[in-house]
Amino acid sequence: MGTKILTSSSHGFENECKEIHDSWGRLNHLVRSLAGRSKLERQQIRETYKAMYGEDMAILLQKMQFQNGSKVCAALYRWMMDTYERDAIVAREAFGQGDVNYKALVEIFVGRKSSHMVLIKQAYYARFRRHLDQEIINLEPPHPYQKILVALATSHKAHQEDVSQHIAKCDARRLYEAGEGSSQGAVEEAVVLEILSKRSIPQTKLTLSSYKHIYGHEYTKSLKNAKYMEFEDALKVVMKCMCNPPTYYAKVLYTSIKGTTADNGALARVMISRAEVDLYEIRSIFKRKYGMELKDAICERIPSGDYRDFLAAIASTTTIITSHNSVSL
């Protein structure tokens, strides 16, 4: 099982690009050439290919996706894109033609820095001539996830960069009084939404850490009460994604591989988006919780072919990021 360290490289990719060009359309060759590459290497390959042949490799992969509807083409296309462009497309697809994929939107709004969210929204408008935040506001019918996402979108627009222990303790007490410490028997949505809208993600994470320190258990534990409704269920998912991403994503991958989720795009989405963020940790948690390696689970449950080979290659060559440019918080 290989592990690579990202470093600056002056390595040229002319030979690789020539091989890709000469065998264009052979998906198995594209998977072998691209799946094990780091973000920096993929960027250099994309730039080198365009300089040599005047075509954007990502656009060519997109055209192939449209032509044959192949899962592996769609995956390779996203794999070769800049992260903010990819997130913009994931967000657009989340709105879909029927049910909204709220969890895909949550993963973006919770797992991206505010500076990255600005780029996502710019890319979203450039591609689709729509404002991402307004798309969420306009969703019908109203949904608990929608309320939370609107609050998170607001938090990305205006917040202090520094985190405060004092604010975290105060907000933790407010959450307690508006939840399990309340006589109402349910979470006071207005209080929770106000905190989420006014605090940065790092500040909210500190608040949840303070909550555990003060009250002796995770905030999400208080949301497991059977009398709670849809808002509490949505809030629990958001908080788990925010506070413990590797565990959250390990479960998403497990349910996707097992085929017990309606989110058909979750497997590729998570593998690609977390590959150079925390997939190494996700992989460890996956093995501990479910008793097998992530790669083995993919090979066992996903039909053989280029798509499976692509996912297995990512699972087995997780890259450790040494820079400070990760898109996640």
Side-chain angles (χ1 to χ4, degrees), residues 1-6 27-39 41-42 70-79 83 86 90 94 101-104 106-108 110-111 218 220-221 224 233 236-322 326-329:
M1 190 172 295
T3 301
K4 298 187 292 184
I5 306 296
L6 261 188
L27 295 177
N28 59 343
H29 181 77
L30 288 172
V31 168
R32 288 197 303 270
S33 299
L34 302 175
R37 299 293 187 177
S38 70
K39 178 181 176 180
E41 289 171 337
R42 298 195 305 273
S70 166
K71 280 187 175 182
V72 70
C73 285
L76 284 167
Y77 166 53
R78 295 185 183 185
W79 186 236
T83 53
R86 180 196 306 148
V90 169
N101 189 343
Y102 283 108
K103 289 185 180 180
V106 165
E107 289 165 14
I108 292 173
V110 166
E218 302 283 356
T220 51
K221 184 178 180 181
K224 293 181 180 179
D233 289 337
K236 181 169 61 176
V237 171
V238 171
M239 294 305 187
K240 285 184 176 181
C241 184
M242 184 184 299
C243 295
N244 196 343
T247 299
Y248 167 87
Y249 285 113
K251 183 176 181 180
V252 171
L253 290 175
Y254 179 74
T255 57
S256 299
I257 292 169
K258 292 278 287 184
T260 56
T261 176
D263 188 357
N264 296 324
L267 179 55
R269 183 181 75 242
V270 170
M271 293 289 291
I272 292 171
S273 68
R274 310 310 292 187
E276 294 173 313
V277 180
D278 56 2
L279 189 55
Y280 186 83
E281 295 176 73
I282 294 169
R283 199 170 60 187
S284 298
I285 292 170
F286 189 98
K287 183 178 181 180
R288 185 170 71 247
K289 289 190 67 175
Y290 306 114
M292 65 189 310
E293 296 285 355
L294 175 58
K295 179 183 178 182
D296 294 340
I298 290 171
C299 291
E300 180 180 297
R301 297 301 296 262
I302 306 300
S304 62
D306 298 322
Y307 180 63
R308 187 183 73 176
D309 292 345
F310 173 76
L311 296 174
I314 295 179
S316 62
T317 58
T318 308
T319 304
I320 298 174
I321 295 291
T322 57
S326 173
V327 298
S328 285
L329 293 151

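- Residue Asp309 holds its CG atom at 9.0 Å from CZ of Arg32, rounded to the nearest 0.5 Å.
- Between Arg86 and Tyr77, every side-chain heavy-atom pair lies at or beyond the 4.5 Å cut-off.
- Residues Met271 and Ile298 are in side-chain contact: their nearest non-hydrogen atoms beyond the backbone lie under 4.5 Å apart.
- Val31 places none of its side-chain heavy atoms less than 4.5 Å from the side chain of Ser33.
- The SG atom of Cys299 sits 9.0 Å away from atom CE of Met292, with the distance rounded to the nearest 0.5 Å.
- Side chains of Arg42 and Leu34 form no contact here, defined as non-hydrogen atoms less than 4.5 Å apart.
- Between atom CD1 of residue Ile257 and atom OH of residue Tyr290 there is a gap of 10.0 Å, rounded to the nearest 0.5 Å.
- Other residues, nucleotides and ligands contribute more than 12 heavy atoms inside 6.0 Å of the NZ atom of Lys236.
- With contacts defined as side-chain heavy-atom distances shorter than 4.5 Å, the pair Pro245/Arg274 qualifies.
- In terms of heavy atoms, Thr261 sits closest to Ser256 at CG2-CA, 3.7 Å.
- Heavy atoms only, all atoms of each residue included: Arg283 and Ala315 are closest at NH1-O, 2.6 Å.
- Atom CD1 of Ile108 is separated from atom OG1 of Thr83 by 11.0 Å, given to the nearest 0.5 angstrom.
- Considering all non-hydrogen atoms of both residues, Ile314 and Ala275 come closest at CG2-CB, 3.9 Å.
- The minimum heavy-atom distance between Tyr307 and Ala75, with the atom names listed, is CE1-CB, 4.4 Å.
- No side-chain donor from either of Tyr249 and Glu281 sits under 3.5 Å from a side-chain acceptor of the other.
- Considering CD of Glu300 and CD1 of Ile302, their distance stands at 10.5 Å, rounded to 0.5 Å.
- Using a 4.5 Å heavy-atom cutoff, the side chains of Arg308 and Pro303 are not in contact.
- Under the 4.5 Å side-chain criterion, counting only non-hydrogen atoms from C-beta, Lys103 is not in contact with Val252.
- The structure places NZ of Lys240 at 10.0 Å from CD of Glu218, a figure rounded to the nearest 0.5 Å.
- Considering Val237, Leu253, Ile282 as possible partners of Tyr248, the one that fulfils the side-chain contact (heavy atoms from CB on, under 4.5 Å) test is Val237.
- A side-chain N or O of Asp263 and one of Asn101 form a donor-acceptor pair less than 3.5 Å apart.
- The minimum heavy-atom distance linking Gly36 with Glu41 is given by the pair O-OE1, 4.4 Å.
- The side-chain contact (heavy atoms from CB on, under 4.5 Å) test applied to Cys73 returns Leu27, Met64, Gln65, Asn68, Ser70, not counting sequence neighbours.
- Side-chain atoms of Ile272 and Phe310, non-hydrogen and from C-beta on, do get closer than 4.5 Å to each other.
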